[in-house]
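Heads up: the structure comes next, in structure tokens.
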Amino acid sequence: MTHWLSTYGFLIVSMTLGALLALSLYLPFMSGQLSLASPGFYAIGGYIAAILSTRVFSAVTPYPLWCMAVELVLAVVCCGLLGWGIGVPVLRLRGIYFAIATIALVEVLRVLALNLEITGGAIGIFGVPQPFREPLGYLWLTLPLLVVVAIAIGRLEHSRPGQAMQAIRADELVATTLGIDATRYKVLGFTLGAMLAGVAGVLSAHLLNTWNPRQGTFDTGIIALTAVLIGGNRTFIGAVVGGMVFTALPELLRGLADQPQLPTAIAAFLRDGRMILYGGLIVLGTCFFPQGVCQPPRWRQLQSRLRVWRHIQKDLLH
């Protein structure tokens, strides 16, 4: 068991970070906003961690956790302020126009990272210090954080702001007629998602030991979008499950591609064509599971079936 954990520790931690990134995309989705801006804030959080840890704080091994806490707080503040500042004007757009605006934001941030000296240009920043000696050590941070964030979002769904966001997602015009400030709640979801993406970026920069413009690109947004749409866009559980599954999927595909009996063309597709596969899954998922695999009605149906099965067992025993 210890050998298995040490072998797959990096993947396990990456799965928890993938779930956090999917939740950052789910938060604006609660109010019906298809946002692909999370990779941009994810990149900002990573650069904050990389710059502070390599140029401001002393590179002590292991890296002090209090320095990492400072990076997390700064990432939350910066991404929150930027998310609020961008969200107020941009969230007046609707539908595909809003999605295009968020894609443009990610591209602007990527170009800035490529050309600014402080970000290291196209090469990026190497040697981000490690707070743990083994990748599995990050699980002590990422797993409790994922549990706390998931519980908080679950409570948000049943709170008054969460109910207002879900009403906006169902029908914004009706929600506005009922007196709900749609812009306010959409900005709230967008800002919370930006803050969570920044936190995931800080943790990812230390886990990867490097940060460059290839992190936090449009491809990252597509993976997170696939996780939310296929996992379930009506409950936070779907985002968590989808984020973990689609983070582990490339490793599974690489394992299948290494099988010697596979034809070369199929092996190459499994190894390099994951974005094509993600696109196909989005198309098939929206056709057959428009609300995702994990849906509240499905959970209620499963619970009712389990109750019926328990009653049948009791009747058979008596």
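Scanning for ring-ring contact (aromatic ring centres under 6.0 Å, His included) contacts around Y138 gives F132, with sequence neighbours left out. Residues passing the side-chain hydrogen bond (donor to acceptor under 3.5 Å, both in side chains) test with Y42, sequence neighbours excluded: S204. For L82, the side chain to side chain contact (heavy atoms under 4.5 Å, CB included) partners at least two apart in sequence or on another chain are F41, I44, I86. L81 is linked by a side chain to side chain contact (heavy atoms under 4.5 Å, CB included) to V77, counting only residues two or more places apart in sequence or in another chain. Residues satisfying the salt bridge (charged side-chain N to carboxylate O under 4.0 Å, His left out) criterion with R110, sequence neighbours excluded, are E107. Shown here are the ring-ring contact (aromatic ring centres under 6.0 Å, His included) partners of F246, two or more places apart in sequence or in another chain: Y278. With sequence neighbours left out, Y26 forms a ring-ring contact (aromatic ring centres under 6.0 Å, His included) with no residue at all. When the side chain to side chain contact (heavy atoms under 4.5 Å, CB included) test is applied to F98, the partners found at least two apart in sequence or on another chain are Q33, S35, V90, L91, L93, T102, F190. Every residue meeting the side-chain hydrogen bond (donor to acceptor under 3.5 Å, both in side chains) condition with T142, not counting sequence neighbours, appears here in chain and number order: T16.
What you find for V128 and S53 is that their closest heavy atoms are CG1-OG, 3.6 Å. Here the shortest heavy-atom pairing between L65 and P131 reads CD2-CB, 3.8 Å. Between T191 and G83, the closest heavy-atom pair is OG1-C, 4.0 Å. Contact record, I180 with A164: CG2-CB, 4.0 Å, taken as the closest heavy-atom pair. The shortest heavy-atom contact between G46 and A205 is O-CB, 3.6 Å. Taking both residues in full, the closest heavy atoms of W211 and A43 are given as NE1-O, 3.2 Å, listed atom of the first, atom of the second, then distance.
Residues L146 and M244 form a side-chain contact, since some pair of their non-hydrogen atoms from C-beta on lies under 4.5 Å apart. The closest side-chain heavy-atom distance from V245 to M15 is not below 4.5 Å. By the 4.5 Å heavy-atom criterion applied to side chains, R234 and R169 are counted as neighbours. By the 4.5 Å heavy-atom criterion applied to side chains, L52 and C67 are not counted as neighbours. The side-chain heavy atoms of I48 and C78, taken from C-beta on, include a pair separated by under 4.5 Å.
For the atom pair E172 CD and S31 OG, the distance stands at 8.5 Å (nearest 0.5 Å). Distance check, rounded to the nearest 0.5 Å: CD1 of I153 to NE2 of H158 gives 13.0 Å. If you take CG on L27 and CG on L23, they are separated by 7.0 Å, rounding to the nearest 0.5 Å. Between C79 atom SG and L196 atom CG the span is 10.0 Å, to the nearest 0.5 Å. Between I96 atom CD1 and I100 atom CD1 the span is 5.0 Å, to the nearest 0.5 Å. To the nearest 0.5 Å, the span separating CE on M165 from CE on M30 amounts to 4.5 Å.
Y47 and L208 fall within a single hydrophobic cluster, where Ile, Leu, Val, Met, Phe, Trp and Tyr side chains are chained together by heavy-atom contacts under 4.5 Å. Residue V147 is not grouped with residue W140 when hydrophobic side chains (ILVMFWY) are merged at heavy-atom distances under 4.5 angstrom, including chains of intermediate members. Placement of F29 and V106 in two distinct hydrophobic clusters is found when ILVMFWY residues are connected by side-chain heavy-atom separations under 4.5 Å, directly or transitively. Both L11 and L143 are part of a single hydrophobic cluster, where members link through side-chain heavy atoms under 4.5 Å apart. Connection of V73 to V149 is not established within any shared hydrophobic cluster, with ILVMFWY side chains joined at heavy-atom distances below 4.5 Å, either directly or through further cluster members.
As a member of the Ile/Leu/Val/Met/Phe/Trp/Tyr network built from side-chain separations under 4.5 Å, L114 groups with nothing else and remains a singleton. Residue F126 is found in a hydrophobic cluster whose other members, listed by chain and number, are I123; membership requires side-chain heavy atoms under 4.5 Å apart, directly or through intermediates.
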I'd like to know whether T176 forms a side chain to side chain contact (heavy atoms under 4.5 Å, CB included) with D181, so could you lay out the CA-CA distance, the side-chain angles of the two residues, the decisive distance to 0.1 Å, and finally the verdict.
CA-CA 6 Å; T176 305; D181 189 349; over 6 Å; no
Between L225 and L34, is a side chain to side chain contact (heavy atoms under 4.5 Å, CB included) present by the stated rule, with each step listed?
CA-CA 9 Å; L225 178 63; L34 181 58; 3.4 Å; yes
Which is it for L116 and T119 under the side chain to side chain contact (heavy atoms under 4.5 Å, CB included) test, yes or no, and what are the steps along the way?
CA-CA 6 Å; L116 291 177; T119 60; 3.7 Å; yes
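Listed by first and then second residue, the side-chain hydrogen bond (donor to acceptor under 3.5 Å, both in side chains) pairs involving residues 77-87 amount to none (not counting sequence neighbours).
Side-chain polar atoms of Y63 and E71 form a donor-acceptor pair below 3.5 angstrom.
Judged purely by atom type and a 3.5 angstrom limit, Q215 uses its side chain to pair as donor or acceptor with the backbone of N212. Checked by atom type and distance alone, the side chain of R55 pairs as donor or acceptor with a backbone atom of I118 at under 3.5 Å.
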